[in-house]
Chemist: 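Below is the structure I would like to discuss, written out as structure tokens.
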Amino acid sequence: MKDVRTRFAPSPTGFMHVGNLRTALYEYLIAKSFNGKFVLRIEDTDQERLVEGAVQVIYDTLKQVGIFHDEGPDVGGDFGPYIQSKRKNLYLPYAQELVKSGKAYYCFCSKERLDSMHKGEHVFEGYDRHCRDLSQEEVDKQLAAGTPYVIRQKMPMTGFTTFTDVVYGEITIENTELEDQILIKSDGYPTYNFANVVDDHLMGITHVVRGCEYLTSTPKYNLLYEAYGWKLPTYVHLPMIMGKNEDGSVSKLSKRHGSTGFVDLVNEGYLPEAIVNYIALLGWCPKDNREIFTLSELAEYFSVDGISKSPAVFDYDKLTWMNGEYLRAMTLDGFTQLAMPSYKKVFPDQDLDWGVLSSILQPRVTKLNQIADMIHFFKELPEYSTELFINKKSKTNTTNSVTMLEAAIPVLESLDYWTTESIHDALLALPEKLEVKNGTLLWPVRIAAAGMTVTPGGAIEILTILGKAEAIKRLNMGLKKLKDENKE
RNA sequence: GGCUCGUUGGUCAAGCGGUCAAGACAUCGGCCUCUCACGCCGAAAACAGGGGUUCGAUUCCCCUACGAGUCACCA
């Protein structure tokens with residue numbers, strides 16, 4: 001059997017949408033699951049849409065998620081060049097070949113004429129095939145006069161075309177639905193449809209994997225393959241990824257649904273591994289319904305028959321959960337490394353006990369960008385009201401909190417070593433002595449240390465991270481605050 | 001509007017003629033606990049509707065409804 005080859009053929013728009021990324025992922029996985037090759041080809045035939053640096057975005061993204069292409073503009077290969085603009089003059093001869101054999105023709109219709117046809121009351125009738133049967137003399141005359149032209153493919157005017165898609169099954173389209181599509185644009189560049197087919201054939205692509213928005217235009221592609229007598233590729237059309245609108249409806253995932261670019265998601269604090277894992281599951285399900293996969297595990301388990309037909313709504317909640325799973329599965333050091341930029345954002349030139357900090361943060365963080373807000377109270381004690389000292393479950397109020405702090409402060413002051421262990425032992429000896437529950441002591445200590453009711457980590461960890469001097473200072477401040485108020 | 005595809009809990013989804021219709025996220029309860037989280041236990045929640053086929057339909061066929069995609073010198 002011929003080696004399986006798939007390709008990712010993005011347009012360099014400067015933005016890697018998660019839909020595109022998922023397509024790339026599936027193309028890669030299909031190739032790998034057949035032990036085949038994955039090719040990157042840049043489709044930049046639209047000269048009006050060129051974006052500076054956009055190709056780099058594609059390289060960077062693929063690299064970040066660990067999808068490596070076997071062939072491509074940057075890594076080379078036997079079928080280059082892999083950038084369509086560099087293959088420009090390769091397409092015209094193919095189109096002319098079709099003209100010669102009567103399967104395509106020159107069209108001299110102006111844009112204005114074409115536009116006017118779209119404005120009719122009848123919604124879309126498509127191109128009226130005005131130039132389909134021009135005489136040879138007429139064509140020669142126009143060509144000699146230098147009239148701008150495009151080359152269009154002749155579509156059959158009767159009958160229907162059927163093809164089989166791996167996920168959607170057999171699909172039949174009436175040929176009357178097919179327009180005489182443009183192969184070569186008036187600027188000399190091929191259209192996407194044409195370049196795509198020519199390149200896929202020339203590059204030996206065996207499996208065409210793409211979004212299902214191409215499903216109904218596939219017959220056009222096939223008619224092209226047939227016109228040249230080329231072997232049809234296997235088609236794998238992927239269900240769409242949808243976004244939820246504010247009114248509850250859904251539509252194709254786009255920027256209005258939030259961060260839908262890979263870079264956006266990373267900036268928001270999602271891990272590339274988690275993003276890949278999550279999008280792999282949008283439209284595909286393994287036999288055993290497992291959910292957590294590394295990329296190489298995906299390559300091992302992936303199978304086209306697990307691809308679903310129906311569109312999937314992108315769910316940030318589930319992505320967030322999955323991101324948390326990845327964060328929690330890391331080593332403490334690994335987590336610290338990832339969190340360090342956030343730590344340094346709050347403490348640019350101060351070192352805390354990052355290990356202890358990470359140990360309390362790791363189980364609580366689901367997105368990296370939450371960290372800065374979570375740790376800001378370490379840097380600066382928030383303004384708070386003594387009401388925070390009142391907690392029913394811990395049985396604390398503004399009077400016994402005074403007792404607790406008065407008991408805790410000297411004990412802490414006497415500590416020679418300031419570690420979680422020493423603080424823990426010192427503090428937890430107190431409740432027994434005072435005949436109160438742990439919470440009654442620890443609650444006011446934590447409030448005074450943090451100035452907030454909800455904190456990442458408990459009193460002991462917070463004290464550790466604050467350091468002895470700052471910790472005791474905050475406890476004394478809390479004590480004073482309580483006393484001042486009790487006097488009134 | 002024509003054509004194409006789709007429709008299992010709020011979301012992702014398993015199921016491929018006989019199941020009390022899995023699992024996960026989210027939600028809600030409980031346990032753990034110095035708060036919050038993590039973890040553990042539990043609850044609620046679905047086959048769009050109508051016809052067939054069949055001893056039996058979530059599963060096969062048809063119709064309707066709803067949703068999506070497409071109909072460019074964009075990809």
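Every chain is numbered from 1, with letters handed out A, B, ... down the list of sequences. All values below were derived from every heavy atom in this structure, side-chain atoms included, with hydrogens, water molecules and symmetry-related copies excluded.
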Chemist: Given A/Y270, which partner from the list A/T320, A/N369, A/N323 fulfils the side-chain hydrogen bond (donor to acceptor under 3.5 Å, both in side chains) test?
Modeler: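 Filter result, single survivor: A/T320.
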
Chemist: So does A/S11 get a side-chain nitrogen or oxygen closer than 4.0 Å to the phosphate oxygens (OP1/OP2) of B/C74?
Modeler: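 Looking at the OP1 and OP2 atoms of B/C74, neither is under 4.0 Å from any side-chain N or O of A/S11.
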
Chemist: What class does the angle between the rings of A/Y106 and A/F108 fall in, given that below 30° is parallel, 30 to 60° is tilted and above 60° is perpendicular?
Modeler: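 It falls in the parallel class, under 30°.
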
Chemist: If you look at every strand shown and take non-hydrogen atoms under 4.0 Å, does A/M242 touch a base, only sugar-phosphate, or nothing?
Modeler: sugar-phosphate

Chemist: Base, sugar-phosphate or nothing for A/T320? Non-hydrogen atoms, less than 4.0 Å.
Modeler: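 A/T320: no heavy atom of the nucleic acid under 4.0 Å.
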
Chemist: For the pair A/K88 and A/D44, find out whether any cationic side-chain nitrogen is under 4.0 Å from an anionic carboxylate oxygen.
Modeler: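 Salt bridge between A/K88 and A/D44, a charged N being under 4.0 Å from a carboxylate O: no.
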
Chemist: Measure the distance from NZ on A/K252 to C1' on B/G67 and round it to the nearest whole Å.
Modeler: 15 Å

Chemist: Would you please say whether a donor-acceptor pair under 3.5 Å links the side chains of A/T147 and A/Q142?
Modeler: yes

Chemist: Which heavy atom of A/G355 sits nearest a heavy atom of A/L332, and at what distance?
Modeler: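 Smallest interatomic distance, heavy atoms only, reads O-CD2, 3.8 Å.
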
Chemist: What closest approach, in Å, do A/A54 and A/G14 show between heavy atoms, and which atom pair accounts for it?
Modeler: CB-N, 3.2 Å

Chemist: Extract from the structure each pairing of a protein N or O with an N or O of nucleotides 30-37 of chain B at less than 3.5 Å, listing the distance.
Modeler:
unit_1 : atom_1 : unit_2 : atom_2 : d
B/U33  : N3     : A/K393 : NZ     : 3.4
B/U33  : O4     : A/K393 : NZ     : 3.3
B/C34  : O2     : A/A459 : N      : 3.0
B/C34  : N3     : A/A459 : N      : 3.0
B/U35  : O4'    : A/R446 : NH2    : 2.8
B/U35  : O2'    : A/T453 : O      : 3.2
B/U35  : N1     : A/R446 : NH2    : 3.4
B/U35  : O2     : A/R446 : NH1    : 3.1
B/U35  : O2     : A/T453 : O      : 3.4
B/U35  : O2     : A/T455 : N      : 2.7
B/U35  : O2     : A/T455 : O      : 3.0
B/U35  : O2     : A/T455 : OG1    : 3.3
B/U35  : N3     : A/T455 : O      : 2.9
B/U35  : N3     : A/T455 : OG1    : 3.4
B/U35  : N3     : A/G457 : O      : 3.0
B/U35  : O4     : A/G457 : O      : 2.5
B/U35  : O4     : A/G458 : N      : 3.0
B/C36  : O2     : A/R364 : NH1    : 2.8
B/C36  : O2     : A/T455 : O      : 3.4
B/C36  : N3     : A/R364 : NH1    : 2.1
B/A37  : O2'    : A/P363 : O      : 3.1

Chemist: What protein N or O atoms touch nucleotides 39-47 of chain B N or O atoms at under 3.5 angstrom, if any, and at what distances?
Modeler:
unit_1 : atom_1 : unit_2 : atom_2 : d
B/G39  : OP1    : A/R328 : NH1    : 3.4

Chemist: Using a 4.5 Å cut-off on heavy atoms from C-beta on, say whether the side chain of A/R129 contacts that of A/M157.
Modeler: yes

Chemist: Answer yes or no: are there more than 12 heavy-atom neighbours, outside A/E297 itself, under 6.0 Å from its atom CD?
Modeler: yes

Chemist: When you compare B/G42 with B/C62, how far apart are their C1' atoms, in angstrom units rounded to a whole number?
Modeler: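 So the two C1' atoms sit 44 Å from each other.
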
Chemist: Hydrogens and angles aside, do A/D305 and A/S303 bring a side-chain donor and acceptor to less than 3.5 Å of each other?
Modeler: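 Looking only at side-chain atoms, A/S303 and A/D305 do form a donor-acceptor pair, the distance falling under 3.5 Å.
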
Chemist: Taking only residues two or more places apart in sequence or in another chain, which ones pass side-chain contact (heavy atoms from CB on, under 4.5 Å) with A/V167?
Modeler: A/D165, A/V236, A/I307, A/K309

Chemist: Take the protein atom CD of A/E213 and the nucleotide atom C1' of B/U70, then report the distance between them rounded to whole Å.
Modeler: 10 Å

Chemist: Taking the nucleotide of RNA chain B with the nearest heavy atom to each, does A/T45 or A/T172 sit closer to the 5' end?
Modeler: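 Final value for this comparison: A/T172.
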
Chemist: Along nucleotides 7-14 of chain B, 5' to 3', which nucleotides get a B, which get an S, and which get a -, given that the test is a protein heavy-atom distance under 4.0 Å?
Modeler: S--SSSSS

Chemist: Regarding A/E43, tell me which of base, sugar-phosphate or nothing describes its non-hydrogen contacts under 4.0 Å with the strands shown.
Modeler: sugar-phosphate

Chemist: Fill in the dot-bracket string of RNA chain B, one character per base: . for unpaired, | for a pair to another strand, ( ) or [ ] for pairs within the strand, taking Watson-Crick or G-U pairs under 3.5 Å.
Modeler: (((((((..(((.....[....))).(((((.......)))))....(((((..]....))))))))))))....

Chemist: Provide the full list of salt bridge (Lys or Arg N to Asp or Glu O under 4.0 Å) pairs with a residue in residues 388-397 of chain A, sequence neighbours left out, each pair given once.
Modeler: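 Those involving residues 388-397 of chain A do not exist here.
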
Chemist: Roughly, in whole Å, what's the span from CZ in A/R210 to P in B/C5?
Modeler: 16 Å

Chemist: Does A/K255 qualify as a cation-pi partner of A/F15, given the criterion of NZ or CZ under 6.0 Å from the six-membered ring centre and within 45 degrees of its axis?
Modeler: yes

Chemist: For B/A44 versus B/A37, give the span between their C1' atoms, rounded off to a whole number of Å.
Modeler: 24 Å

Chemist: A/L215 CG to B/G67 C1': how many Å, rounded?
Modeler: 16 Å

Chemist: Say you pick atom P in B/A22 and the same atom in B/G56; how far apart are they, in whole Å?
Modeler: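 Taking atom P in both B/A22 and B/G56, they lie 24 Å apart.
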
Chemist: Starting at the 5' end of RNA chain B and moving along, which residue's nearest nucleotide shows up first, A/Y168 or A/C212?
Modeler: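 The residue closer to the strand's 5' end, by nearest nucleotide, is A/Y168.
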
